[in-house]
Structure formats: structure tokens, C-alpha cells
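One is the number of the first residue; the rest follow in order along the sequence.
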Amino acid sequence: MTRPSRRWARSLAVTAAAALAASAISLTAHAADEGPEQIVNGTFDTGSDPWWHTQGIAFDTTGGRLCADIPGGTVNPWDVIIGQNDIPLVKDETYAFRFFSSSDPAKVGRALVQLPVDPYTAYVTANPELVPGGATYSYTFTSPVDLPNAQVVFQLGGSATPWRFCMDDVSLKGGAERDTYKPDTGPRVRVNQVAYLPKGPKNATVVTDATTPLPWQLKNGGGQVVASGSTTPRGVDASSGQNVHSIDFGTYAVAGTGYTLTADGETSRPFDIGAAAYERLRADALKFYYTQRSGIAIRDDLRPGYARPAGHAGVAPNRGDTSVPCQPGVCDYTLDVSGGWYDAGDHGKYVVNGGISVAQLMSEFERTKNAATTVPLGDGALALPESGNGVPDILDEARWEQEFLLRMQVPAGKPYAGMAHHKIHDENWTGLPLLPHLDAQKRELHPVSTAATLNLAATAAQAARLFAPYDPAFAARNLTAARAAWAAAKANPARLASPSDGTGGGAYDDADVSDEFYWAAAELYITTGENEFKNYVLASPQHTADIWGPRGFDWGHVAQLGRIDLATVPNALPGRDQVRASVVQGADRYLATLTAHPYGVPYDPPTYDWGSNNLVLNNMVVMAAAYDITGTLKYRDGVLQGIDYIFGRNALNQSYVTGYGEVASHNQHSRWYSHQLDPALPNPPAGTLAGGPNSGLQDPLAADKLRGCKPQFCYIDDINSWATNELTINWNSPLAWVSAFVAGQGDGAVKAPGACQVTYTTHGQWPGGFTTQVTVKNTGTSAIKGWALKWSFLGGQKVTGFWSTDLAQSGATVTARDLGWNKEIKPGRSVTFGFNGDGAPGANPAPDLFTLNGAACA
């Protein structure tokens with residue numbers, strides 16, 4: 001399939017965001033500088049000319065160095081600049097850029113070679129850690145352009161306190177040798193550095209020249225050998241170019257910490273055997289969203305080390321998101337589009353990316369109602385400002401984004417009423433680092449799009465049923481918005497986002513919205529049960545198409561979201577068994593890919609895509625759905641094995657999740673998690689997923705450092721590599737979903753199905769109410785002595801009366817208990833009870849899942 005680049009137009013021009021090849025190779029001189037010197041007076045022997053500076057500082061060249069007192073109280077690095085113009089660059093020439101510099105006290109500086117006018121394309125960005133005694137810093141880069149008038153600048157602003165900067169021996173010469181980037185991949189035994197479930201699969205990969213089996217040993221935290229065996233040769237892995245063997249140590253099931261694997265003279269990084277890490281991760285992956293929030297101050301008591309003022313709240317220098325105009329010529333009104341999540345490492349907010357993200361968070365919650373192996377996160381689990389309101393925290397977090405999506409809808413009486421604006425972001429790209437509350441750029445609404453409108457229709461329909469038990473008014477507001485969006489999209493089926501609308505934010509263009517129509521119709525049908533949406537689903541080519549491509553699904557390919565929900569959320573769609581079977585077929589395909597892959601990855605295209613890690617995880621979502629549908633363990637084990645790749649069983653031998661694993665990504669591209677650029681700022685919070693290997697190498701740093709890379713090696717943990725190392729809300733959403741699934745498997749032991757069968761029959765349904773009879777049959781060989789039957793309603797249905805049982809309801813979940821006189825159910829016998837309910841507007845299907853005394857019934 002053709003996959004649109006999510007950041008195809010991310011400006012290579014942003015001074016601070018678009019670094020080319022900036023890696024300090026040593027503090028000693030480079031060895032191959034043969035070209036002429038391009039810097040004039042880099043030794044300051046004749047004063048300061050032709051160097052220039054911004055206002056507020058003065059040059060001092062006493063002693064043969066250029067020094068300046070840098071004022072405090074500035075916000076951005078580019079608020080104070082020292083530079084030189086008219087530097088000639090030759091295309092494809094490799095240059096050595098070198099300088100001596102000092103600071104008092106120590107600071108992180110910024111040195112760039114760039115285009116001298118807007119858009120200030122940077123050809124090298126260096127972030128030297130300056131010290132009082134001074135040091136020499138050396139970098140290489142290859143110019144992608146012929147340019148007679150490049151500019152060398154030192155950006156020195158952004159400090160709250162004053163400091164002194166000095167520099168000398170500034171040099172830029174061609175004829176340098178290309179700097180060859182070679183990642184440190186550590187030991188050749190590659191494991192999941194976080195944890196394996198005690199009774200789940202356990203696999204590792206060994207990089208070796210050997211072609212015959214090798215002995216391996218598993219050692220516990222005390223160094224004792226607790227298991228051993230022989231490796232399985234797998235040949236050359238195309239995704240890494242490495243000759244590899246596999247290790248299967250799944251028969252060992254003792255929980256513990258500090259395990260290591262040894263093979264071919266190499267010992268792996270340590271790992272645990274246990275489930276606790278995934279219980280933490282499911283919370284951390286969701287906690288990521290709070291610190292991505294726009295329009296609210298992030299509290300230090302809730303996220304120590306991540307506190308910041310509210311971003312884009314209309315407090316200077318912000319212009320704010322409470323009254324945002326359209327781009328010129330797009331509309332004649334302003335909208336309050338405050339709130340929501342910042343999409344990625346920038347300050348933009350995009351409906352199509354927010355749509356899949358909030359949908360997956362809501363689906364993670366909805367799965368707890370319909371799948372047997374879940375451990376719900378309740379109210380208070382995520383430590384949010386809303387905690388304690390009686391609503392599960394995951395829904396509180398989802399609501400923050402859903403409220404923003406609703407605000408992006410065109411109001412009644414305006415052109416394209418009911419449609420959604422595609423995105424809102426700054427007029428121009430901003431640099432790094434830049435905290436949200438310090439962004440002074442003009443904010444703009446971009447044109448409406450059919451894709452955004454259908455994302456709103458889908459998520460609002462989903463929110464309508466999930467929020468109904470907790471906030472009926474909000475649920476009704478969502479359903480109204482979903483219906484209006486659906487009608488507007490049908491009236492404007494081809495309002496496509498422009499691929500050229502990429503200044504200041506990603507374009508997120510999508511030339512085919514048939515999948516968005518299908519997803520929206522599916523969610524509206526599940527929620528309402530209405531014929532219009534049922535008929536649209538059944539007639540859509542997406543309903544029967546093979547949508548399980550090798551590259552998985554993402555924000556631009558969302559038919560899978562509709563298919564999975566139709567298969568796993570209760571509904572009465574004709575032919576639903578075929579829908580469920582199709583999800584299982586997709587899972588079979590990804591499981592086969594995983595089984596064949598020497599690194600155990602359910603993703604193996606010839607080149608890796610932008611955000612490949614989220615595609616890997618979304619393929620695991622399909623396998624997890626197949627497990628929920630069938631109960632077949634191979635699908636569950638596929639997920640448990642697939643997660644190993646994310647946490648270190650990969651060619652780079654690193655975890656892609658911050659805070660998880662001995663070596664993990666922590667320099668993701670972000671304007672406020674920018675510790676790599678400013679030590680006063682934090683790294684991303686624990687539980688943040690990096691985009692991962694990307695063969696496209698669209699950013700200059702990756703293009704220079706990773707050229708010719710095998711797919712798994714097309715990644716660098718550098719803040720300037722936005723094509724391989726970005727963080728985004730739609731990459732963390734499948735991480736949250738999958739980590740919740742893994743946490744729900746406990747220690748990995750097989751959960752036996754209950755010896756019971758439930759018949760659930762709604763005998764009467766009228767506007768606002770219904771009557772249901774439930775029969776529970778003991779299909780086992782032993783008597784059941786005391787029972788509690790649990791199920792969940794689809795939406796806001798509430799029990800109003802009951803007989804032959806004692807019923808209690810929490811949210812959408814109902815628990816029916818025996819009354820003593822009917823507590824015993826003998827083998828082959830049944831008990832029957834009934835209840836009346838108030839029906840929320842919409843569908844009222846029979847539940848898919850009943851558990852009796854905690855075990856799932858047929």
C-alpha cells in the first residue's frame with residue numbers, strides 16, 4: 001500500500017529543528033582537512049570583523065579570543081546570536097567544522113551552519129556542552145546544496161541567568177572525511193531487556209558467524225545456571241543483514257530479576273521474569289498523555305519533574321487557542337479549539353492523528369468490558385487532575401482529547417457546517433527547545449477535510465456509548481456531533497487535505513477516505529444499531545477487502561479499527577461471524593510473519609516505514625483481538641513474543657521505550673522534553689515510545705548518519721532525527737493498548753474456561769426500556785455452590801428492577817448474585833433470573849462476555 005509520510009513537509013528549514021549531521025566526534029582535531037579555510041578571522045587576531053551579533057551584547061577580543069557577556073532572562077536559543085555571513089558551500093562536499101569555546105558557568109550552546117534567510121535551513125546543528133576551562137569541538141557534515149552565502153551562527157540565548165561566552169580558532173574546511181556512524185549495539189545476545197512472563201514464551205536472538213547450533217545458558221540474578229540448551233541457526237536476517245540464531249528458553253518459568261543469557265562467548269543485558277513491569281508500563285504509557293496536554297498547567301505533584309505552565313492558553317507570549325482564526329481565505333470566524341493533546345514533539349494538534357489515538361485509548365477501556373483477560377485501570381490509577389470523580393482515569397484522559405475534537409467541528413450556519421477542520425498549529429515551524437507556554441507564533445485553523453470529519457464521527461460515536469454510564473449529557477453531545485459529521489462528510493466526500501499544506505505543521509494528507517467512511521459507519525452502527533449505518537458497512541468495499549497488509553494500520557489506514565470493533569464489541573451485524581473470522585485471518589498472517597522472522601517481529605516489509613514501531617504494535621493488536629475472539633493461545637503468545645522486539649530483541653539491542661530496559665531511547669524529538677539540548681529540561685517521561693527504524697531517512701541527521709542502512713539499523717536516538725526518533729500520541733496509543741493486554745495475562749498461565757453456558761434473551765424493548773431473561777447452565781461435572789455472574793452493557797443501559805437474583809451495577813458493568821435458595825447449580829442444570837432496564841438511546845445487543853465466579857462462560 002502507499003503510505004503517506006506523516007511529516008513529509010516538516011521544514012528542513014527550521015534553525016533549531018532541522019539538524020543535518022551534528023555529532024561531536026572528539027575533542028581533538030580532525031585528521032583530513034585539506035580544503036581552503038572558509039571562515040574569515042576565526043582566530044580573532046584582527047579584532048571581531050566580520051563577525052556580527054544581535055542587540056544586547058558587546059564583543060571583547062582582548063587576549064585574542066572573542067568573548068561576550070550573555071544576558072539572562074531570554075527565552076529561546078536564537079534570542080542571542082553571534083554569527084558570520086557569506087560562507088561558500090559546495091554540494092556533496094564534506095566539511096570539518098571546528099571551534100574552541102568556553103562558558104562561565106557551564107552551558108549548552110548551539111552552533112549551526114545554515115541558510116542566512118527564512119527558512120534558515122540548517123546544514124549542521126551542534127549542541128556542545130561548554131565548560132569554564134574551554135574545549136575544542138569538532139563536527140563533520142556533507143552539504144546538500146551549492147550555496148555562496150551560508151551563515152555560521154552561535155545561538156546563545158535561553159538562559160535565565162547571565163553568563164560569559166568565549167570562542168577561538170573557528171574553522172570550516174572542505175575535503176574532510178565523512179564521519180561514519182556506527183551504533184554501539186552491545187552484546188551479541190539480544191533479549192527483551194524488560195521482562196518475560198513466567199509461563200509465557202521466552203525467546204532471544206544471537207548475532208554470530210556460526211552456522212551450526214551453539215550452547216546457551218540462562219543464569220539467574222545470583223549467577224547460577226538455571227537452564228541450558230542449543231541455539232537454532234536462522235541464517236541471514238534480511239532486516240538487519242546479520243547472521244543469527246534463535247534461543248527458546250520458554251520452559252523455564254521461575255520469576256526473578258537480573259537474569260542473563262550467555263551464548264557464543266557473549267552475555268546479554270539483564271532482564272526479569274515476571275509480570276510487574278507490564279503492570280507499570282500500562283499506566284506509564286497512558287500517563288504520557290497528561291504531559292502532552294494543551295491548555296492546562298502540568299502539576300509537579302502529579303508528574304514530578306514535568307511541571308510546566310499551561311500551553312497556548314492565551315497568556316503572553318502565547319496568542320492562545322481560545323479564539324483561533326483560519327488561514328487567510330479559509331473561513332470568516334474564530335473557534336475555541338483549546339485543550340487536546342499536542343500531537344508529537346511540536347505544538348500542533350491534528351484531528352486525524354488525534355482520532356486514532358483517542359479511539360485506541362477508548363478501545364483499551366472498552367476491551368475490559370468484552371474480553372476475559374483484562375485488569376481494568378480504575379479511577380485514580382493514572383494520578384490525573386480528574387482522579388476521584390468516579391470515572392475511570394483512562395476515560396478522563398480520552399475526554400481531554402475528545403473535547404478538543406468536538407471543538408474542531410464547524411458550527412451550524414457556517415459553510416461546511418458539521419465538518420471538522422483538519423488541524424490547528426503555528427503559522428510557521430518553531431525551533432527546539434521551546435516550551436508550549438513560550439510559543440509566540442500565530443495559531444491558525446486549516447481547511448476542513450473529509451478525513452478529519454469522519455475521524456470525528458467515529459470517535460464521537462464511540463465516546464457516545466462509553467461515556468453514557470458516567471455523563472449522559474456528554475455522551476448525547478458526542479452522538480449529535482457524530483451524526484452531524486457523518487451527514488457533512490456524505491455531502492462533501494472528497495474534501496481532501498492538501499499535501500502542500502505543511503508549513504508550521506505536518507500535512508497529514510490522505511487521498512483515499514473510503515476507510516474513514518467505513519470506520520465511522522462501523523462505530524455509528526455499533527452505537528445506534530440503525531439501518532443506515534448497517535447498510536453502509538455491508539455495502540462498503542472495505543468490509544470484505546483484505547485490509548491486513550504487511551505494513552499494518554495507522555492514522556491513514558483505519559478500516560482495521562472498524563473491522564476489529566465490529567468483531568469484538570457486541571453488535572447484531574448480519575454476517576458478524578465472517579467479520580470475526582477475517583480478523584483471525586489477519587492475525588494468522590502476522591503470526592506467520594513473526595514465526596518466520598529471526599527476531600520474532602510481526603512486521604517484515606523490505607523497507608521500514610515512518611513510525612515502524614507503532615505498526616509493529618498495531619499488528620500485535622490484531623493478534624490480541626484474535627485471541628479475544630477465539631481463546632487460541634498461539635495468538636496471545638504471538639503478542640507476548642512480539643513485544644520482545646520493542647524492548648531490545650532487535651538489531652540495535654535497545655529498548656524503544658523510555659525508562660524500560662538497560663539501554664533505552666530517551667532523546668526523542670520534542671520541543672519540551674529536550675534534555676539533550678538543555679540540561680534544565682527533562683527527557684521524555686517513562687513509557688514514551690520512539691518512532692523507530694525508518695528506511696526513508698527524511699531528516700538530514702538520519703540521511704547523513706544512516707545512509708545505506710539495513711532496515712533495522714535505520715534509527716538513531718538523537719533529538720534532531722525527527723524521522724526515526726519522534727514521539728507521537730498515535731504511537732503511544734498502541735503501546736498502551738498492547739501493554740494493557742500483556743498485563744492482563746498475569747504470569748502467562750493458561751486460564752481455563754468456566755464450565756458454564758449463558759443464554760441472554762431480551763424479550764421486550766420499548767422506547768426507554770427493556771426486559772431481559774438470563775439462564776445460567778452448569779456444563780461441568782461438579783455442582784456450583786454459590787455464583788456471581790458478571791457482564792457489561794454496551795452503553796448507558798441501567799438496571800431498574802430484578803427478580804430471582806441480587807443485582808448491582810457499576811458504570812456499565814452488572815453483577816448478578818444468587819439469593820441463597822438458588823445458589824446451587826447441579827451439573828447439567830440451570831438457574832434463571834431476569835431484570836428490567838432503562839435503555840440508553842441506541843443499540844442494546846446481548847453481551848459477548850459473561851464470567852461466572854471470574855471464569856468466562858460459553
Side-chain angles (χ1 to χ4, degrees), residues 359-360 362-374 458 461-462 465 515 518-529 533-549 552-553 557-593 602 618-639 734 737-738 741 744-745 751 753-754 757-760 791-794 843-851 856-858:
Q360 289 193 299
M362 289 191 290
S363 291
E364 178 182 333
F365 170 77
E366 192 158 34
R367 182 178 174 269
T368 66
K369 298 165 59 175
N370 304 312
T373 57
T374 63
Q462 189 178 14
R465 62 180 183 262
D515 51 327
Y518 177 72
W519 175 34
E523 299 297 347
L524 279 159
Y525 172 69
I526 293 170
T527 298
T528 69
F533 308 116
K534 176 186 71 176
N535 293 338
Y536 193 97
V537 164
L538 295 175
S540 171
Q542 296 282 353
H543 189 55
T544 53
D546 181 1
I547 58 176
W548 313 111
F553 66 92
H557 305 82
V558 293
Q560 294 87 338
L561 295 175
R563 187 85 65 86
I564 291 172
D565 275 4
L566 287 168
T568 59
V569 179
N571 65 87
L573 185 75
R576 186 173 179 232
D577 286 346
Q578 285 71 38
V579 175
R580 291 161 72 86
S582 78
V583 174
V584 175
Q585 290 165 3
D588 284 334
R589 183 173 300 174
Y590 297 135
L591 186 61
T593 298
N618 278 331
N619 288 350
M620 282 189 259
V621 169
V622 179
M623 292 191 291
Y627 175 63
D628 289 343
I629 292 166
T630 66
T632 303
L633 286 175
K634 66 178 181 179
Y635 302 118
R636 184 204 70 168
D637 288 353
V639 178
W737 199 106
V738 170
F741 176 88
Q745 308 313 311
K751 294 177 174 62
Q757 184 179 55
V758 175
T759 303
Y760 181 100
W791 72 90
S792 292
F793 291 130
L794 176 72
N844 185 29
D848 284 344
L849 174 70
F850 296 89
T851 60
C857 295

- Task: Output the distance between atom CD (Q578) and atom CG (L566), rounded to the nearest 0.5 Å.
- Result: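 It is 12.5 Å, given to the nearest 0.5 Å.
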
- Message: Quick check for you: to the nearest 0.5 Å, what is the distance between K534 atom NZ and L524 atom CG?
- Response: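 Separation between the atoms: 15.0 Å.
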
- Given side-chain contact (heavy atoms from CB on, under 4.5 Å), test Y635 with V622 step by step and report yes or no. CA-CA 9 Å; Y635 302 118; V622 179; over 6 Å; no

Tell me whether [X] contacts the main-chain N or O of [Y] through its side chain, where contact means a donor paired with an acceptor under 3.5 Å.
X	Y	result
S540	Y536	no
N571	V569	yes
R589	W548	yes
S582	V579	yes
E523	W519	no

With a 4.5 Å limit on heavy-atom distance, are the side chains of [X] and [Y] in contact?
X	Y	result
K369	F793	no
L591	P602	no
L561	I564	no
V738	E364	no
L849	S792	no
P734	M620	no
E366	R465	yes

- Query: What residue pairs, at least two apart or across chains, pass side chain to side chain donor-acceptor pair (under 3.5 Å) with a residue in residues 624-634?
  - Reply: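 Of all non-adjacent pairs touching residues 624-634, those that pass side chain to side chain donor-acceptor pair (under 3.5 Å) are R367-D628, T630-T632.
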
Shortest non-hydrogen separation from [X] to [Y] and the atoms involved:
X	Y	value
A843	G529	CB-N, 3.7 Å
N370	P570	OD1-CD, 3.4 Å
Y590	G549	OH-O, 2.7 Å
D848	R580	OD2-NH1, 4.1 Å
V583	A567	CG2-CB, 3.7 Å
P574	L538	O-CD2, 3.8 Å

- Message: Applying side chain to side chain contact (heavy atoms under 4.5 Å, CB included), can you list everything that pairs with A559, at least two apart in sequence or on another chain?
- Response: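 Partners of A559 by the side chain to side chain contact (heavy atoms under 4.5 Å, CB included) criterion, ordered by chain and then number, come out as D515, Y518, Q542, I547.
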
- Message: Does either side chain, that of Q462 or that of S363, offer a donor lying less than 3.5 Å from an acceptor on the other one?
- Response: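 On atom types as modelled, these side chains qualify, holding a pair under 3.5 Å.
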
- Task: Using distance alone, with no hydrogens and no angle criterion, decide if Q560 and N618 have a side-chain donor and acceptor under 3.5 Å apart.
- Result: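 There is no such pair between these side chains.
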
- Message: Let's go through H543 and L573 carefully: what are the C-alpha distance in whole Å and the side-chain angles of both, what is the deciding distance for side-chain contact (heavy atoms from CB on, under 4.5 Å) to 0.1 Å, and is it a yes or a no?
- Response: CA-CA 12 Å; H543 189 55; L573 185 75; 3.7 Å; yes

- Item | Partner set under ring pair (Phe, Tyr, Trp, His ring centres under 6.0 Å) for F533, not counting sequence neighbours |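 Expected list: W486.
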
